Amino acid sequence: MTEDRQSEPTGIPAGTTVLRLCGELDFEDARSLTASVEAALAEDPRVLAVDVSAVTFADSSMLRTLVETQQRMEAREGTMVLVGPLTPPLRRLLEITATDGHFTIADDLAQATSASRPGRTAGDGSRD
C-alpha cells in the first residue's frame, strides 16, 4: 500500500484533508492503512477525501477501515468522501457487500469537496 496525505494543498478548501491510497489494500496492509487514517484524522478535517482511484485490489480489511473511518467522521460531524473514479475491484467489493450506498462517492476531488452527505454520489444534483 502506498499513501499520500495532503492538508490544504493548492485548490483544496480549508478543513479538507486528502488521503491518497494506491495499490493492493488487504489484510497485510491493514495496520499501515489504519495508521494513515489516524494521521489524517489527527488533522481534524471537516472533510476527509479518500482518493481510491489507484486502488488495484481491496478486501474486507480495507472495507472495515473505510466503514469505521466514516463512522468516526460522522461522530465529529464531518464528511468522508471516496474519490474515484472507483476501480473495478473496489466497486465490486462495495457492490457485493451492499455498502456502496453507505458512502459518498465523487468522481474527482472537485466533487468531493462539495459533497455533503453519505449514500449519494457527490455532484448528482440531489437536494436536501
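Remember, predicted model here, so these are calculated numbers, not experimental data.
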Heavy-atom side-chain contact between [X] and [Y] under 4.5 Å:
X: Asp29; Y: Ser61; result: no
X: Leu66; Y: Gln70; result: no
X: Leu90; Y: Leu93; result: yes
X: Leu33; Y: Met62; result: yes

Which heavy atom of [X] sits nearest a heavy atom of [Y], and at what distance?
X: Met73; Y: Pro45; value: CE-O, 3.5 Å
X: Leu25; Y: Val55; value: CD1-CG2, 3.6 Å
X: Val83; Y: Ala112; value: CG2-CB, 3.5 Å
X: Thr65; Y: Thr69; value: O-OG1, 2.7 Å
X: Ala14; Y: Arg46; value: O-NH2, 2.8 Å
X: Val50; Y: Met80; value: CG2-CG, 4.0 Å

Revision key, fill the gap. Residues 83-98 vs side-chain hydrogen bond (donor to acceptor under 3.5 Å, both in side chains), sequence neighbours excluded, gives Thr97-Thr99
Review point. With sequence neighbours excluded, what pairs up with Arg64 under the side chain to side chain donor-acceptor pair (under 3.5 Å) test?
Key: Glu68
Check your understanding: Do Leu41 and Leu48 pass the side-chain contact (heavy atoms from CB on, under 4.5 Å) test, and can you show the C-alpha distance, the side-chain angles, and the key distance before you say yes or no?
Key -> CA-CA 8 Å; Leu41 292 177; Leu48 177 60; 4.1 Å; yes
**Study point:** Candidate list Asp51, Leu94, Leu21, Thr104, test side-chain contact (heavy atoms from CB on, under 4.5 Å), partner Leu82, passing option
**Key:** Leu94
Review point. Rounded to the nearest 0.5 Å, what separation is found between the CG atom of Leu109 and the CD1 atom of Ile12?
Key: 3.5 Å
